[in-house]
Amino acid sequence: MQINKPYSESCDQNKEPILEVIQPLFKDIKSALEVGSGTGQHAVYFAEKMPHLMWQTSDQQPYHDGINRWLADAKLPNTPAPIALNVSSDSWPKQNYDAVFSANAVHIMAWENVVDFFENAPKLLSSGGLFILYGPFNYHQQYTSESNARFDVWLKQRDPQSAIRDFEALDKLANNAGMKIKEDYALPANNRILVWEKL
Ligand SMILES: C[S@@+](CC[C@H](N)C(=O)[O-])C[C@H]1O[C@@H](n2cnc3c(N)ncnc32)[C@H](O)[C@@H]1O
């Protein structure tokens, strides 16, 4: 039976380039927590391509129906049911993960949520654990492209608390939480993958 699922065009376009970067990084890990799983499309794609690890989805409750539909359709053995998680809440899982991954979320959430995200996520990582963000980022408060500048205007019109985040500000939060930048990859459409390692 065909299950009716939410669909994101951008997820479909960026899932392969993201996988190319994270697959080698996740070669030896056993578990990843995804924050802000959205539709659930990334989860199903990454979990199928990396069957050696458990891919734990999470998001705010309204997203769970869609995520569950993608998981139910894919029937993968390594995608447990989503966790209800707002990064600023105390509903963070009590267990450890080898990596925390999040795509296109830190420019959506308010800055105070970003601060909480960077404070809480590393608590789930052991030394050597990875904290990975995908999305558009600024450097020294400069856009990396005209299209990102336009996107930022659109974001702020939609929600004044949203904004493309500055790498240096995120890196400061990461350092305060005991993490060090490990890699910064350029991805298509002026996006990046930032990888921090827990010390
Ligand atoms: C643009 S969507 C990205 C979804 C998906 N990761 C993707 O790449 O298509 C932003 C996501 O951030 C999540 N988000 C926003 N604020 C959040 C918060 N305070 N805590 C947890 N997730 C949050 C939203 O629920 C949503 O799933």
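As the structure lists them, so they are numbered: ligands from 1, and atoms in each ligand from 1.
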List, by chain and then residue number, the residues other than Leu53 in its hydrophobic cluster (Ile/Leu/Val/Met/Phe/Trp/Tyr, side-chain heavy atoms under 4.5 Å); write none if there are no others.
Ile18, Leu19, Val21, Ile22, Leu25, Phe26, Ile29, Tyr45, Phe46, Met50, Trp55, Phe101, Leu130, Ile132, Tyr134, Tyr185, Leu187, Ile193, Val195
Provide the closest heavy-atom pair for Ile164 versus Pro136 in the form atom of the first, atom of the second, distance.
CG2-O, 3.6 Å
Over 60° means perpendicular and under 30° means parallel, so tell me whether Phe131 and Trp196 are parallel, tilted or perpendicular.
tilted
Sequence neighbours left out, what pairs pass salt bridge (charged side-chain N to carboxylate O under 4.0 Å, His left out) with at least one residue falling in residues 135-154?
Asp152-Lys156
Aromatic centroids of Phe167 and Tyr139 separated by under 6.0 Å
yes
Sorted by chain and number, the residues that approach ligand 1 to under 4.0 Å with a heavy atom:
Cys11, Gly36, Ser37, Gly38, His42, Asp59, Gln60, Tyr63, Leu85, Asn86, Val87, Ala103, Asn104, Ala105, Ile108, Met109, Asn113
Which pairs with one or both residues in residues 45-66 pass salt bridge (charged side-chain N to carboxylate O under 4.0 Å, His left out), sequence neighbours excluded?
Asp65-Arg69
